[in-house]
Amino acid sequence: MATTQLRAAATEPQPTEESVGVELRGVTRRFRSSRGDEVVALRGLDLSAADGEVLAVVGPSGCGKSTLLELLAGLGDPDEGSLAAGGTSSREGRLAACAYMPQRDLLLPWRSALANAALALEVQGVPAAAARRRALPLFERFGLAEFAGALPAELSGGMRQRIAFLRTLLAGRPVLLLDEPFGALDSITRAAMQEWLAEALAAEPRTVVLVTHDVREALYLGTRVAVLSPRPGRLVAELAVPSESPRPRRETVTDPAFTALEEQALAALEPPRP
Amino acid sequence: MTAARRLLPPALLLATGVAAWQAVASLAAVDDLTLASPTETVAALADDLPLLLDGALVTLLEVVLGLALAVVFGAIAAVGMHLVRPLRRAAYPVLVASQAIPVVVLAPLFVLAFDYGLAPKLAIVALICFFPVTVNLLDGLRSVEPDLLKLMRSLGASRLATLRRVELPAALPSFFSGLRVAATVSVIGAVFGEWAGADEGLGRLVLLANNQLQTPRVYAGIVLLTLMAVGLFLLAGLAERLAVPWRRTEDAEA
């Protein structure tokens, strides 16, 4: 666990309390469908991630993974149960503790890559020029300096996702919530992006909740993997991943220990036989 | 596509139309007082140019100032309705219903209220242009994806920061669509305003010429009014290209 690891200086988050992890206790969330039926997205979910841990949540489509992140991010409240992020359980507290990265990059087409990332600082009151100056070192550190001036439409999907991740980092929050960050990418780009993210997280350690439907991605990036059932999402398995990240992806995913864990996760995901 | 290849089809269509017009006007059965031919129209344009241009300048001023008023008040109304939901709920249906009022019949009333001169013309132009500007800007402001608004909320952005950095820029293309529509109808508004009572302007000139059976001058006036509307439309398009440069990059990618 990375509890004692020193945080990198560039975007140092200011944890308000001792524990900056994430905790869910008996969280239930219901919706009304357009036909008026009640849909239970999450039922009695218990989950936790300690400070610096990367919790990967894997489950089939529609198991309430995105709902889970929106609740944690403070964009909604659960119907039952309680949840906390960054040591606070109030909705405003969670909103201030978490940086949320949605599935799509949602970059503003009229802003350059640098200005898009700097948006996270600008909305906190940093003047535009100063925000860009503060974002630039991060671009240099992650090898994106030459793309800083490009408009989103000029960038590939993988590159746009990297910019979106830098925007998330620059928000300066202790907890990162990543919703299928590479879901829209082709498998080759995706593998490269997973390696890039592993390195980025090693350089900028945070408490992370990563939601994905890709078991390999979860095992490769997570220090712990939670497997959810189909809707309503409940916890069906929890796997600890022995980690010395970042690891080269190809070596890792072919490691027998890794494939054994993958087997376990896939078995947990399998629907019960009739 | 090059500009020449883009302009060729409409130019051909226009030329065909003008040729047909000339042919019909030259028929023996067609009275010169009923229909002026293109050549007579061009001759009238050349002969009366100083007179026509004086009138056109007055009308252009009415149109531009009226449009400016519509943009200012339309922007205030759209942003207000966007930010204050009860206001939108109350005002939007009324705004749509107001379009059923034939603005033309209001022109004489405005002249009664505001006297001859510039004011009633501005009022009529602004009234006609207000609707397309307001409705398009409001639609643009509301077209921002819910996910993007969630992201802004999660980044800690205030309502005004989201409006300024996301919603207003995102609404620009839609605003300019409205402005282009407004630019073309604005000239119609100015003409009606002048018909209701004026002592100068191109619309008044056309009305007088019609009463005096100077048909070629009427046609020359119509040509100038059309050119004015087309010019304003193109100007609005140019302004859009300057204000919304990212759209071209996106289109090139698509």
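Everything numeric in this text was worked out from a predicted model, so none of it was measured. All values below were derived from every heavy atom in this structure, side-chain atoms included, with hydrogens, water molecules and symmetry-related copies excluded. Residue numbers start from 1 in every chain, and the chains themselves are labelled A, B, ... in the order their sequence lines are given, proteins ahead of strands.
Heavy atoms from other residues, nucleotides or ligands lying under 6.0 Å from CZ of B/Arg88 number more than 12. A 6.0 Å sphere centred on CZ of B/Phe110 holds more than 12 heavy atoms belonging to other residues, nucleotides or ligands. Enclosure of atom CG in B/Leu12 by more than 12 non-hydrogen atoms of other residues, nucleotides or ligands within 6.0 angstrom is indicated. No more than 12 heavy atoms of other residues, nucleotides or ligands shown are found within 6.0 angstrom of CZ on B/Phe73.
Taking B/Ala107 as the reference, B/Ile124, B/Ala196 meet the side chain to side chain contact (heavy atoms under 4.5 Å, CB included) condition, with sequence neighbours excluded. Contacts of B/Asp139 classified as side-chain hydrogen bond (donor to acceptor under 3.5 Å, both in side chains), with partners at least two apart in sequence or in another chain: none.
The interface of residues 118-128 of chain A with chain B, defined by heavy-atom distances below 4.5 Å, comprises A/Leu119, A/Ala120, A/Glu122, A/Val123, A/Gln124. Using a 4.5 Å cut-off between non-hydrogen atoms, the part of residues 154-163 of chain B that approaches chain A consists of B/Ser154, B/Leu155, B/Gly156, B/Ala157.
Rounding to the nearest 0.5 Å gives a distance of 8.5 Å between CG of A/Leu108 and CG of B/Leu151. Note that OH of A/Tyr100 is 5.5 Å distant from NZ of B/Lys150, once rounded to the nearest 0.5 Å. For the atom pair CG of A/Leu106 and CE of B/Met152, the computed distance is 11.0 Å after rounding to the nearest 0.5 Å.
Only the side chain of A/Arg111 comes within contact range of chain B, with heavy atoms under 4.5 Å apart. Heavy-atom distances place both the backbone and the side chain of A/Leu75 under 4.5 Å from chain B.
The shortest distance between side-chain heavy atoms of A/Arg104 and B/Leu148 does not fall below 4.5 Å.
Closest of all the heavy-atom pairs between A/Trp110 and B/Val166 is CH2-O, 3.3 Å.
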